[in-house]
There are 2 protein chains.
Amino acid sequence: MPASRREHLLDTAIDLFSEQGYRATGIDTILAKAGVAKMTLYNHFKSKDELILAALRRVDERTRAHFAEEISRRGATPEDRLRAVFDDLERWFADPAFNGCLFIKAAADYPDARDPIHALAAEHKRLIRQFLEGLAREAAARDPAGLAQQLQLLFDGATVQAQVCGGTEAALQARTAAETLIQAAIRPLPQS
Amino acid sequence: MPASRREHLLDTAIDLFSEQGYRATGIDTILAKAGVAKMTLYNHFKSKDELILAALRRVDERTRAHFAEEISRRGATPEDRLRAVFDDLERWFADPAFNGCLFIKAAADYPDARDPIHALAAEHKRLIRQFLEGLAREAAARDPAGLAQQLQLLFDGATVQAQVCGGTEAALQARTAAETLIQAAIRPLPQS
DNA sequence: TGATAAATAGACAGACCTGTCTGTATATCA
DNA sequence: TGATATACAGACAGGTCTGTCTATTTATCA
């Protein structure tokens, strides 16, 4: 029934890693939930770490595709597209399956920066920042890289706060703060 | 030689939890580094979870005391005290022992919000926000609670970004963005 | 149909983990 | 000195984890 055992394993793993964490999720738990034999997993992936890496690559691709599509669909002007980044946040936090950012948690579970898992998490954040920088440049921000990083601070901060404290209020404040930062970065300098 | 075995155990545990994570750090590792017998640990703490809770309480108290002292020492005006919150960030990130926020990582390692460890992490974030709200109120912000949360988004976002991507640039952008948000929250409304 | 590939269940080794127990040594204080 | 509390080293039980292996069954496709 599953399109491919490999993809089904990845989706199951993503769910469990998100819910319980990487180290806390045993191989056997993934196998039981997916209804797949152990050797099938080890035929598709060399090790648990390779499974984690493949799962994260999948989430990275999905996330960036979703970003690109949703944002270009919603925002009429480049400025609106920057704002649109924060419009999905509240719905995301309200989703019962929300459990924080998989990449932030990966970097926490594998703290050594040389670990391929940690490195992949860092690369994902870099790609998102790059995407924001493109939007900021189109919107004629004075310092596109700076605005992109500032907005990412709000984005990640909100994600963390929703995960730690629960609730969705962080999304609203992030949206409000983003508006302020965008205005300040695009409009003519206030006093000079 | 150590003042008290209990405190020495806590300090050692904090170092290792910060470096490797909670689940990834075994009791035996803590004991070996602290040079303490296993029964001594279990005489002072009922379980590993109790040790984690005690360690987090210690860090919570230290952090809030440091905040209160450093900020009131540095900032002349209430507005300066809000800024001062972000002045320490860069030094913190540059510290070789920096490994992200212990509370964010605790909430990630113990994702169930009913878990006492997760609950303690959430409470810590709440207390920090409360502290910021007090400063924002003294600074005559229009919406002290809102500004406090916005600044916390920057703070946590920067902490996460420094942990995941390394480097200290997040501190600078957080400082810059904080300035913009403070200005916008305190000065008269720009257009009305 | 028959041959080849893929998936199954489940046992297993070896490592690691938490928490308990024992018996001995050391420190504190009357 | 003697009595009491604390710390010690280290073995141990019972559990979990990853990854390997085997032997059997199910798909696939010519």
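No hydrogens, no waters, no symmetry mates; every other heavy atom, side chains included, goes into these values. Letters A, B, ... mirror the listed sequences (proteins, then strands); counts begin at 1.
- Heavy atoms of Asn43(A) sit nowhere under 4.0 angstrom from any nucleic acid atom.
- Residues Arg175(B) and Glu90(B) have side chains not in contact (no heavy-atom distance under 4.5 Å, counting atoms from C-beta outward).
- Around CZ of Arg73(B), the count of heavy atoms belonging to other residues, nucleotides or ligands within 6.0 Å exceeds 12.
- Side chain of Tyr42(B), nearest nucleotide from dT18(C), dA7(C), dA7(D): dT18(C).
- At least one side-chain nitrogen or oxygen of His44(B) sits closer than 4.0 Å to the OP1 or OP2 atom of dA7(D).
- Considering only side-chain N and O atoms, Thr40(B) lies under 4.0 angstrom from the phosphate OP1 or OP2 of dC8(D).
- Look at CZ on Arg23(B): it is 19 Å from P on dC16(C), rounded to the nearest Å.
- When the options Lys33(A), Arg6(A), Arg62(A) are evaluated for a salt bridge (charged side-chain N to carboxylate O under 4.0 Å, His left out) with Asp11(A), the one that passes is Arg62(A).
- For Asp49(A) and dC17(D), the CG to P distance is 16 Å, given to the nearest whole Å.
- Atom CD1 of Ile27(A) and atom C1' of dC16(C) are 16 Å apart (whole Å).
- With dC8(D), dA9(C), dG19(D) as the choices, the nucleotide that has an atom nearest any side-chain atom of Met39(A) turns out to be dA9(C).
- Checking dG10(D), dC8(D), dT18(D) against the side-chain heavy atoms of Lys38(A) singles out dT18(D) as nearest.
- Rounded to an integer number of Å, the gap from Asp28(B) CG to dT18(C) C1' is 8 Å.
- Using bins of under 30°, 30° to 60° and over 60° for the plane-to-plane angle, the ring pair Phe98(B)/Trp92(B) lands in the perpendicular bin.
- Protein atom CD of Glu50(A) is 15 Å distant from nucleotide atom P of dT18(D), rounded to whole Å.
- You'll find that the side chain of Lys48(A) is closest to dG19(D), out of dC8(D), dG19(D), dT18(C).
- Atom CZ of Arg5(B) is separated from atom C1' of dT26(C) by 10 Å (rounded to the nearest Å).
- Look at CG on Leu51(A): it is 10 Å from P on dT18(D), rounded to the nearest Å.
- At the heavy-atom level, Thr25(A) lies under 4.0 Å from the strands shown only through sugar-phosphate atoms.
- No side-chain donor from either of Gln173(A) and Gln161(A) sits under 3.5 Å from a side-chain acceptor of the other.
- Distance Leu31(A) CG to dA7(C) P: 13 Å, rounded to the nearest Å.
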